[in-house]
Protein chains: 2
Amino acid sequence: MPAVSGLPDDVEPGACSAFRTALDRVGSKWGIAIIAVTSGGPVRFADLHRAVPGISRRMLTLTLRTLERDGLLIRTVYPTVPPQVEYAATDLAKDLFASTRALSDWAEHNHERLEAARLAYDNDEESARQYH
Amino acid sequence: MPAVSGLPDDVEPGACSAFRTALDRVGSKWGIAIIAVTSGGPVRFADLHRAVPGISRRMLTLTLRTLERDGLLIRTVYPTVPPQVEYAATDLAKDLFASTRALSDWAEHNHERLEAARLAYDNDEESARQYH
DNA sequence: CTGGATCCGCACTGATACTG
DNA sequence: CAGTATCAGTGCGGATCCAG
């Protein structure tokens with residue numbers, strides 16, 4: 001049964017929930033950055049840590065585990081001394097990264113518009129407050 | 001200066017940060033759902049509440065404010081009794097929603113693969129734990 | 001009907017220290 | 001080098017009550 005008469009009733013089960021599924025996997029704070037870096041080829045932990053500015057080693061580890069769990073990353077351990085671990089994006093991850101492009105483009109083309117909208121909104125807020 | 005030699009050094013300033021910008025706007029738990037519903041035309045608050053299953057009125061209000069602030073939603077108040085408020089997606093939001101399609105498609109086509117990968121990973125974890 | 005205000009639990013995240 | 005363990009802060013999100 002449609003939740004609202006006259007409205008498309010396949011909003012939630014359709015594209016939206018699928019989008020959220022993707023977001024839950026890749027929408028984490030560092031997910032895309034890591035996939036982006038590892039898309040070029042295997043990268044070591046320390047290099048990854050340097051390549052993603054601002055990430056802590058803890059979050060790097062956690063995010064890597066999640067991505068590996070979802071089959072987006074291949075983790076290769078070389079039993080050397082000192083130990084060496086390489087992470088590489090799978091084809092699945094590369095597809096995902098490519099699917100990300102449209103959204104990036106949108107953001108890139110419209111971030112000024114968003115900025116302007118926010119400023120305008122905040123200004124209206126402020127002037128409206130002058131009437132208590 | 002490149003963070004990692006041999007690696008593309010425009011990972012963060014490029015597509016990735018733009019993607020994160022978009023995510024910060026629309027990656028909230030309910031953002032896309034609301035944009036999806038309001039893309040078809042103006043929708044009232046109560047109808048929106050029914051059309052997005054699981055959302056609380058509080059989060060609906062908060063998310064609507066954010067979207068309106070970013071110029072993604074138009075809020076129209078009819079000074080009737082009882083009050084009536086309609087929300088409609090702007091063209092900007094509709095573009096954003098369209099840019100979302102690629103990611104939704106990816107999720108739709110690959111969610112089984114993700115599921116399988118997770119099961120396999122968890123099984124390996126479990127059997128590895130048997131050796132303490 | 002459409003919110004605002006408040007309280008509160010929880011999950012994400014970072015800092016730090018420690019280990020194989 | 002590549003993690004793990006623990007502690008603590010922060011903000012999101014829900015529940016509830018109140019208001020125009």
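Chain naming here is simple, since letters A, B, ... match the order of the sequence lines and numbering starts at 1 in each. Any value given below was found using the heavy atoms of this structure, including those in side chains, with hydrogens, waters and symmetry copies removed.
Rounding to whole angstrom units, NE2 of residue B/His49 and P of C/dG3 are separated by 12 Å. Atom CZ of B/Arg75 and atom C1' of C/dT2 are 8 Å apart (whole Å). Distance A/Gln84 CD to D/dG3 P: 11 Å, rounded to the nearest Å. Atoms CH2 (A/Trp30) and C1' (C/dC12) sit 12 Å apart, rounded to a whole Å. Following rounding to the nearest Å, B/Tyr78 (OH) and C/dT2 (P) show an atom-to-atom distance of 12 Å. At whole-Å resolution of the value, CG in B/Leu48 and C1' in C/dT2 are 12 Å apart. Going from atom CZ of A/Arg65 over to atom C1' of C/dC12 covers 18 Å, rounded to whole Å. Atom P of nucleotide D/dG14 and atom CG of B/Leu60 are separated by 11 Å, given to the nearest angstrom.
A distance of 10.0 Å separates CE in A/Met59 from CG in A/Leu64, rounded to the nearest 0.5 Å. Distance CD/B/Glu108 to CZ/B/Arg101: 9.0 Å, rounded to 0.5 Å. In this structure, OH in B/Tyr121 is found 8.5 Å from OG1 in A/Thr66, a value given to the nearest 0.5 Å. Note: B/Leu96 CG to A/Asn110 CG = 8.5 Å, rounded to the nearest 0.5 Å.
Among the nucleotides D/dA2, C/dG14, C/dT2, the one closest to any side-chain atom of B/Phe45 is C/dT2. Closest to the side chain of A/Lys29, out of C/dC1, D/dG14, C/dG14, is C/dG14. In the set D/dC1, D/dG3, C/dT13, the nucleotide with an atom closest to the side chain of A/Arg58 is C/dT13. For A/Met59, taking side-chain heavy atoms from C-beta onward, the closest of the listed nucleotides C/dG14, D/dG14, D/dG3 is C/dG14.
Each of B/Leu62 and A/Pro83 lies near DNA chain D, and the nucleotide nearest A/Pro83 is the one positioned closer to the 5' end.
Residue B/Arg44 has a polar side-chain atom (N or O) positioned under 4.0 Å from OP1 or OP2 of C/dT2.
Using a 4.0 Å heavy-atom criterion, one finds that B/Arg57 contacts the bases of the nucleic acid, with or without backbone contacts as well. Contact annotation for A/Tyr87: backbone-only contact, meaning every heavy-atom pair under 4.0 Å involves sugar-phosphate atoms and none involves a base.
None of A/Ile34, A/Thr90, A/Leu92 except one satisfies the side-chain contact (heavy atoms from CB on, under 4.5 Å) rule with A/Leu73; the exception is A/Ile34.
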